[in-house]
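All residue numbers refer to positions in the sequence shown, counting from 1.
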Amino acid sequence: MAAVAEQMNRRPLGLVISGEARRHAENLRKLLAPGLVDMLDAPSMSELLMWVQRGLADVAVVDSDHDDRELLNTLRIIRQVNSAMPVVLVVRNITRRFLEGALRLEAFSIVHKPLEREELLIQLWRIVERHNCL
C-alpha cells in the first residue's frame, strides 16, 4: 500500500530537450505518457542549463550543432549542479577523446546524428523505467 501511495505522489520526470532532438518532443510526450514525463523545451544550451539550475530538469537530452566540446562543457556544468542526472548526448561523430570525456563525466548514453526517434525513445524509456522502480 505504501508503494502505491509513493507512486501516486511521485511527480513526473522533468525532461529537458535541446537542439535538433526538440523536433521529436511531441511524439516523445505521447509515447512516454504525459503522466510520466514533463517536457521542457530548451532552444539553446543556456536555456537547458537554466532548467537544470532551477532544479526542474531530472533528465537532459543535450544536442548541439556546434562541436563536441560544447556537449562536454554542457555536461560538465550539469554535473556541477546535479551529479546524478541522466544525460543523453546527441553527437554526429564520436572520437575517442569525446567518448573518454563523456564516460569520465558519466553520460547516461550517447546517440548518433541523424537522430532517430526510436533510438532516443529507447534511451529515455530506460531512464523512465529506472525512475519508476525507485
For residues 46-62, which residue pairs pass the salt bridge (Lys or Arg N to Asp or Glu O under 4.0 Å) check, not counting sequence neighbours? Arg11-Asp58
Ser83: which residues meet the side chain to side chain contact (heavy atoms under 4.5 Å, CB included) condition with it, sequence neighbours left out? none
Run the side-chain hydrogen bond (donor to acceptor under 3.5 Å, both in side chains) test against Glu20 and tell me which residues pass, sequence neighbours left out. Arg23
Report all side-chain donor-acceptor pairs from residues 71-78 shorter than 3.5 Å, counting only partners two or more places apart or in another chain.
from, atom 1, to, atom 2, distance (Å)
Asn73, OD1, Arg76, NH1, 2.7
Asn73, ND2, Arg69, O, 3.3
Thr74, OG1, Glu70, O, 2.8

Going through the distances and angles, do Phe98 and Leu89 end up as a side chain to side chain contact (heavy atoms under 4.5 Å, CB included)? CA-CA 11 Å; Phe98 176 82; Leu89 299 175; 3.8 Å; yes
What pairs of residues pass the salt bridge (Lys or Arg N to Asp or Glu O under 4.0 Å) test when at least one of them lies in residues 110-122, not counting sequence neighbours? Asp63-Lys113, Asp65-Lys113
State which residues pass side chain to side chain contact (heavy atoms under 4.5 Å, CB included) with Leu121; sequence neighbours excluded, sorted by chain then number. Leu28, Leu31, Leu32
Which pairs, with at least one residue in residues 98-108 and sequence neighbours excluded, count as a salt bridge (Lys or Arg N to Asp or Glu O under 4.0 Å)? Arg96-Glu100
Who passes side-chain hydrogen bond (donor to acceptor under 3.5 Å, both in side chains) against Glu26, sequence neighbours left out? Arg29
If every non-hydrogen atom of Ala42 is compared with every non-hydrogen atom of Arg22, which pair is closest and at what distance? O-CD, 3.4 Å
With clusters defined by side-chain heavy atoms of hydrophobic residues (ILVMFWY) lying less than 4.5 Å apart, directly or transitively, does Trp51 cluster with Leu124? no
List in chain and number order the residues that pass side-chain hydrogen bond (donor to acceptor under 3.5 Å, both in side chains) with Arg92, two or more places apart in sequence or in another chain; answer none if no residue qualifies. none
Considering all heavy atoms of both residues, which atom of Leu36 and which atom of Val128 are nearest to each other, and what is their separation? CD1-CG1, 3.8 Å
Residues forming a side-chain hydrogen bond (donor to acceptor under 3.5 Å, both in side chains) with Thr95, sequence neighbours excluded: none
Kindly determine whether Ile94 and Ile110 satisfy side chain to side chain contact (heavy atoms under 4.5 Å, CB included), including the steps that lead there. CA-CA 9 Å; Ile94 297 179; Ile110 300 169; 3.5 Å; yes
Identify whether Leu13 and Val87 are in the same connected component of the hydrophobic contact network (ILVMFWY, side-chain heavy atoms under 4.5 Å). no
